[in-house]
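First the structure, in the form of structure tokens, and then the observations on it.
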Amino acid sequence: MAYLALYREWRPQTFHELVGQEHVSRTLLNAITYKRIAHAYLFCGPRGTGKTTTAKILAKALNCTSDGKIKPCNQCANCQAINSGASHDVLEIDAASNRGVDEIRELREQVKYAPQEGIYKVYIIDEVHMLTTEAFNALLKTLEEPPANVIFVLATTEVHKIPATILSRCQRFDFRRLAVDEIANRLDKICSHHGIEATRDTLLFIARKAEGGMRDALGILDQCVSFAGQQIGTSDVTAILGAVADEVLFELSQGLAEGRLSDVLLKLNELINRGKEVRPLTQDLIEHFRDRLILKTVPSAEDLVDMPGDIAAQVREKNDAYQAEELQGCISLLSQAENDMKWTTHPRILLEVAFVRIARREWPNRGEGTLAGSTAAAGRGAAPLNGKVNSGTPRGSAAAAAINGAGTFAGNGTAINSGAGMAPSLGGAAGGSSEMELRALRRRIESLEAKLRDLQQAVENSGGPKGESKESPFLDKQIRPAVPVRPVAFAAPEESMTAVPSKTSEPPLSFDQVNDCWPDVLGQAVERISPLKRSILRGQARLAEVEQNRIILVHDNPLFNQTNDPRLADVTTVLKEEFSKALDRPVIVVLSHESQWKPSPAAQRGGIPKGEAQRETDAAETQAQAVPLWADPNYIREKVFHDPNLPIEFVDDDLEQGKRPEA
């Protein structure tokens, strides 16, 4: 007879032989004893925990013809036929290769026929989560009300992919991972039967590497026997699996604790030259530091650690090598390195850097994370991702503001409501996902900029007389500069309203002289300033007083109520240039809010300036005209963004937080 793998040879044949699933075996045995057999069962759990095996045992128990109390007997014709796979009443279906609706239709036709040999016809559908949505829907009715002699057993490792309509029609059994001792005891029994010599530590090591799966443990044992013969040790297991022994892990961790960095790096180089993979080694180190942390904080919790007794004794002896906080830092650094290894071709460098930081006690700050791909992002011209926005960089600053979470995006490349920066990712889990998020943000920013350009084009096409191009408030001034404005120096607040004697030999200005040219200056200035600030001059600003060569204008716009508001520097500069041109002499212009202006006793003041009535009439006519497209919320919602429910907010680039008018 051909050789049979250990996991097939030692597959449980009765409920009592099942290891680690007592809650399942007991429930099914009682159901059979008390004739409370359900029409559909769902077995879910990790790989190698006995789902399919339990389904076959259940099928044998239901069709067993023995008169004894223990079922299945594995002696009757039905039990032997099921064991050999020759039974016509137990059909095992692989849903991974029979996942379509046509296969389910065929199954629905077969369930109509009665069993040929046994009492029940049992359908075992393995990996049932692989069925398509249509196949699940086709199975619903049959699964809910199958014939009296038909039982369905569904098995899956990914129960979250099963539709709720299927789950509600089945009795669910969750298979758990097997404990290390349970696997080791089973391996010891098998080794004794086959005459294989293996120490308890070796079997425990195999059990830990199996990660709770009995099939994996038997596969490792089978491979080790083929490699080393009838006598196997821990070194044989590590050679087969490419794993690292617990002694080596302790040596590495203790060397880092004692500051012997050179010895640790040389040992790492030796392991890599022997063919050890870096990422599995990092995962083993994380588990080792986890065990050290458990023994540090709860010394009596030996059952919580997967560590040989002699290594655990050495850890307790060197208990002062690490503090609990330092062990947490080690786990954080290694976890961060292990996560970043998914996105690099040089994992060894990441592990070596982590070793250096552990040896130097350079623990990560709370919430520190890494950003894989940030170098590539910087190479593509992105702004530095350090929570700061360089307002002098066109477009790049807008991208940086959006990426760093600086606040609301503004069209001129600045950020409104800027915050402290992007919240760091926890545990360095950013990696490639963060790089994909950055690319998505950049694409979103480019899309917004394209829509803003379309809006600017609409403003230019309908904002004024034919041939006249108006400046859009949404344009990035770094990309398309506005009217050149010379910088203006502001006086201190306490000096802004005091008289400054003219340094020229020209006579002082009179109020009537300035008032006469005020309408013309107003008309010229309105055409030069930003559309969002024209309302300050149209009906909101007036000539307050004239002193020497100083002209003081006041306005009542509540959005610009600061003394010498720097956001009005361009308006003040334009007014200064227009007054100097109209009066043919240099002047000083101060534009202040009504609440900040204090009349000077020596200044000249007058009543309503000439042309004020005409300006009020013009303002009324302007308000009666159609709203420009760039200020029409409905146009922006329907024509630009194609979203009638989109909230629209008009934001001045220079406004402070909390002072934005809403449309």
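To the nearest 0.5 Å, the span separating OG on Ser253 from CD on Glu258 amounts to 9.5 Å. Taken from CD1 in Ile552 to CD in Glu545, the straight-line distance is 4.0 Å, to the nearest 0.5 Å. Between atom CZ of residue Phe355 and atom CZ of residue Arg360 there is a gap of 14.5 Å, rounded to the nearest 0.5 Å. Ile272 CD1 to Glu352 CD: the interatomic distance, rounded to the nearest 0.5 Å, is 6.5 Å. Going from atom OG of Ser335 over to atom CZ of Arg290 covers 12.5 Å, rounded to the nearest 0.5 Å. We find the OG1-CG distance between Thr282 and Asp340 to be 11.0 Å, quoted to the nearest 0.5 Å.
Contacts of Arg361 classified as salt bridge (charged side-chain N to carboxylate O under 4.0 Å, His left out), with partners at least two apart in sequence or in another chain: Glu326. Asn137 pairs by the side-chain contact (heavy atoms from CB on, under 4.5 Å) definition with Thr133, Leu140, not counting sequence neighbours. For Glu362, there are no salt bridge (charged side-chain N to carboxylate O under 4.0 Å, His left out) partners, not counting sequence neighbours. For Gln283, the side chain to side chain donor-acceptor pair (under 3.5 Å) partners at least two apart in sequence or on another chain are Glu338. Residues that satisfy the side-chain contact (heavy atoms from CB on, under 4.5 Å) test with Thr297, not counting sequence neighbours, are Leu293, Ala324. Evaluation of the ring-ring contact (aromatic ring centres under 6.0 Å, His included) rule for Tyr322 yields Phe289 as partners, not counting sequence neighbours. With sequence neighbours excluded, the residues forming a side chain to side chain donor-acceptor pair (under 3.5 Å) with Asn269 are Arg348, listed by chain and number. Here Lys161 pairs with Glu158 under the salt bridge (charged side-chain N to carboxylate O under 4.0 Å, His left out) rule; sequence neighbours left out. Listed by chain and number, the residues in a salt bridge (charged side-chain N to carboxylate O under 4.0 Å, His left out) with Glu287 amount to none (sequence neighbours excluded). Residues forming a side-chain contact (heavy atoms from CB on, under 4.5 Å) with Val587 (at least two apart in sequence, or on another chain): Leu509, Ile551, Phe579, Ser580, Leu583, Arg585, Val589. Not a single side chain to side chain donor-acceptor pair (under 3.5 Å) links His555 to another residue, sequence neighbours left out. Residues that satisfy the side chain to side chain donor-acceptor pair (under 3.5 Å) test with Lys581, not counting sequence neighbours, are absent from this structure.
At least one side-chain heavy atom of Leu281 sits less than 4.5 Å from a side-chain heavy atom of Leu268. The side-chain heavy atoms of Asp516 and Phe511, taken from C-beta on, include no pair separated by under 4.5 Å. Side-chain atoms of Leu333 and Pro364, non-hydrogen and from C-beta on, do get closer than 4.5 Å to each other. Using a 4.5 Å cut-off on side-chain heavy atoms (C-beta onward), Ile162 and Phe136 make contact. A heavy-atom distance below 4.5 Å is not found between the side chains of Leu553 and Arg542. Two residues are said to be in side-chain contact when any heavy atoms from C-beta on lie closer than 4.5 Å; Leu575 and Leu522 fail this criterion. Considering only heavy atoms from C-beta on, His129 stays 4.5 Å or farther from Val159 through its side chain. Counting heavy atoms from C-beta outward, Val590 and Arg550 have side chains that approach closer than 4.5 Å.
The two residues Ala359 and Leu261 have their closest heavy-atom pair at CB-CD1, 4.0 Å.
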**OP:** I would like to know whether Leu543 and Val514 meet side-chain contact (heavy atoms from CB on, under 4.5 Å); could you show each step before the answer?
**Re:** CA-CA 8 Å; Leu543 179 60; Val514 177; 3.7 Å; yes
Subject >> CA sep, side-chain torsions, deciding dist, call: Gln524, Glu577, side-chain contact (heavy atoms from CB on, under 4.5 Å) >> reply: CA-CA 10 Å; Gln524 294 295 329; Glu577 292 178 355; over 6 Å; no
**OP:** Go through the steps for Ile529 and Asp570 under the test side-chain contact (heavy atoms from CB on, under 4.5 Å), then give the verdict.
**Re:** CA-CA 7 Å; Ile529 64 176; Asp570 53 345; 5.5 Å; no
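Between the Ser332 side chain and the Gln328 main chain, no donor and acceptor come within less than 3.5 Å of each other. Using a distance-only test at 3.5 Å, with no hydrogens or angles considered, no donor-acceptor pair links the side chain of Thr572 to the main chain of Leu591. Panel note: side chain Thr132, backbone Ala135; a donor-acceptor pair is recorded below 3.5 Å.
Using a cutoff of 4.0 Å between basic side-chain nitrogens and carboxylate oxygens, Glu277 and Arg279 are not scored as salt-bridged.
Exactly one residue among Asn339, Ile286, Leu350 makes a side chain to side chain contact (heavy atoms under 4.5 Å, CB included) with Leu334. That residue is Ile286.
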